[in-house]
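Quick notes on the structure that follows.
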Amino acid sequence: RLRKWQERIRTKDAGERNLQFALSEIDRMASALGVPRSVREVASVIYRRALDEDLIRGRSIEGVATACLYAACRQEDIPRSLEEVSEVSRVEQKEIGRTYRYVAQELSLKMEPVDPKQYVPRFVSELELSEEVQAKANEIIDVTAEKGLLSGKSPTGYAAAAIYAASLLCNEKKTQREVADVAQVTEVTIRNRYQEQIEAMGIH
Amino acid sequence: MVDPKETINIENVVASTGIGQELDLQSVAMDLEGADYDPEQFPGLVYRTQEPKSAALIFRSGKIVCTGAKSTDDVHESLRIVFDKLRDLNIQVDDDPEIVVQNIVTSADLGRNLNLNAIAIGLGLENIEYEPEQFPGLVYRLDDPDVVALLFGSGKLVITGGKQPEDAEEAVDKIVSRLEDLGLLE
DNA sequence: GCTTTAAAAAGTAATGT
DNA sequence: ACATTACTTTCCAAAGC
């Protein structure tokens with residue numbers, strides 16, 4: 001009986017320690033990503049729910065913690081790409097993506113697809129482009145997405161192409177390589193999305 | 001407008017069977033030309049048929065999995081070839097082993113572009129998974145028939161998980177009517 | 001969970017010319 | 001700038017780790 005009691009304490013302590021580890025990891029990664037405190041709080045809430053629903057079995061604490069942070073960024077409308085999140089996590093990108101989909105499905109998180117416009121302010125800022133370019137990029141995204149060009153395309157590549165196009169239209173040209181680097185996509189992707197967007201905008 | 005059902009094409013059929021006899025895969029690998037066997041990597045021996053084109057996984061237990069055939073008839077034909085090859089090696093094979101189709105993969109075309117964003121939100125996010133950062137297709141799980149559909153922006157789709165060719169037809173009908181109900185087609 | 005086999009869809013990526 | 005190859009997702013069975 002005494003043994004069972006000690007065991008309960010032990011598992012309870014282990015559980016507490018694991019939770020503390022997960023929350024400190026979320027905090028560390030959130031800091032590294034430079035996202036506000038509200039995002040860490042949302043991520044922590046999602047993690048505790050995942051814990052309550054027993055979703056961590058068979059998965060690493062780090063993986064679930066990272067997936068929760070990725071989901072929280074999206075819910076707070078300041079998305080970070082899986083690649084960006086994987087850079088501050090020791091879990092590989094593919095595993096983060098899988099775990100995120102699992103957690104989102106099991107907790108019925110109503111995750112809407114990421115709007116490419118949500119990446120625009122950050123990318124524009126990193127490229128030191130004007131608000132005029134930002135407004136133009138947003139317009140390009142809205143108009144071309146309305147015409148159905150967004151289906152199936154990655155939000156980062158889509159935003160990158162719109163920013164590239166806007167920088168040309170506003171005479172503040174950035175090279176495809178410069179834009180590709182901040183968005184972490186290839187020049188080929190920017191080229192392909194750019195061509196479609198320009199075509200749909202009727203700029204040529 | 002063309003009925004999307006008419007565009008259905010079977011791309012792959014997976015079936016399982018067994019010869020009712022245990023096998024020494026090491027010796028089968030020696031005698032059967034074109035056989036790939038690496039037990040360290042995978043317990044099954046791989047044997048490919050040319051016509052119809054398919055790949056058979058042969059196990060020590062005598063059970064066999066056949067994949068890659070373009071129709072249920074082709075699966076039977078491919079397995080008939082495999083059975084005869086084994087008989088050529090003086091291995092006893094049951095007269096006509098039961099062949100069970102486990103999965104049928106089909107492709108089809110709705111003939112219209114799809115707004116996957118609208119579909120993901122419109123169909124409630126319940127049986128749907130749409131993560132264009134990870135994959136361009138929208139994953140739609142149906143209960144009846146019990147299949148999974150991958151919908152693309154072009155209007156083309158893949159249906160997998162079905163056991164009968166009719167499952168794909170039913171699935172296409174249900175997908176089309178659901179999208180029409182929500183005004184998401186065209 | 002993983003390993004292997006096959007096939008389609010469309011996007012993205014790495015590598016090669 | 002272009003092509004080719006390869007990887008992402010879904011499904012399923014098999015035997016064994």
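Numbers restart at 1 for each chain; the letters A, B, ... are given by sequence-line order, proteins then strands.
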Listing time: all N or O pairs from protein to nucleotides 8-10 of chain C that are below 3.5 Å?
{"unit_1": "dA10(C)", "atom_1": "OP1", "unit_2": "S154(B)", "atom_2": "OG", "d": "2.3"}

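- A continuous path of hydrophobic side-chain contacts links I203(A) to Y158(A) [ILVMFWY only; heavy atoms under 4.5 Å].
- Atom name C1', nucleotides dA9(C) and dC2(D): the rounded distance is 24 Å, in whole Å.
- For the pair K163(B) and dC11(D), the criterion of a side-chain N or O lying under 4.0 Å from OP1 or OP2 is not met.
- Between S154(A) and the phosphate of dT12(C), there is a side-chain N or O to OP1/OP2 separation shorter than 4.0 Å.
- Mapping S61(B) and R141(B) onto DNA chain D by nearest heavy atom places R141(B) closer to the 5' end of the strand.
- Residue contacts shown for V185(A) are limited to sugar-phosphate atoms, with no base heavy atom under 4.0 Å away.
- In this structure, R57(A) reaches neither bases nor backbone, as no heavy-atom distance under 4.0 Å exists between it and the strands shown.
- Neither OP1 nor OP2 of dC2(D) sits under 4.0 Å from any side-chain N or O of R191(A).
- For A135(A), there are no side-chain contact (heavy atoms from CB on, under 4.5 Å) partners two or more places apart in sequence or in a different chain.
- Rounded to whole Å, the P atom of dT8(D) lies 12 Å from the corresponding atom of dC2(C).
- Comparing dT10(D) with dG1(C), their P atoms are spaced 11 Å from each other, to the whole Å.
- Proximity of a side-chain donor or acceptor of D27(A) to a complementary backbone N or O of L23(A) within less than 3.5 Å is not detected.
- Mapped onto DNA chain D by nearest heavy atom, V188(A) and V14(B) fall at different nucleotides, with V188(A) at the one closer to the 5' end.
- At a threshold of 4.5 Å between non-hydrogen side-chain atoms, the residues Q134(A) and N138(A) count as touching.
- Ranked by how close their nearest DNA chain C nucleotide is to the 5' end, Q41(B) and E196(A) are led by Q41(B).
- Cation-pi check for R59(A) over Y102(A) is met; the charged atom lies under 6.0 angstrom from the ring centroid and within 45 degrees of its normal.
- Phosphate proximity of dG11(C) to R193(A): absent, as no side-chain N or O sits under 4.0 Å from OP1 or OP2.
- As rounded to the nearest Å, dA7(C) and dA15(D) have P atoms that lie 23 Å from one another.
- Proximity of T189(A) to the phosphate of dA13(C): a side-chain N or O atom is located under 4.0 Å from OP1 or OP2.
- If you chain together ILVMFWY residues whose side-chain heavy atoms come under 4.5 Å of each other, I19(B) ends up grouped with I10(B), V13(B), L23(B), L25(B), V28(B), L32(B), Y37(B), L45(B), Y47(B), I58(B), I64(B), V75(B), L79(B), V82(B), F83(B), L86(B), L89(B), I91(B), V93(B), I99(B), V101(B), I104(B).
- If you find the closest nucleotide of DNA chain C to R98(A) and to N103(B), the one lying nearer the 5' end belongs to R98(A).
- When side chains are defined from C-beta on, P43(B) does not count as touching R60(B), because their heavy atoms never get closer than 4.5 Å.
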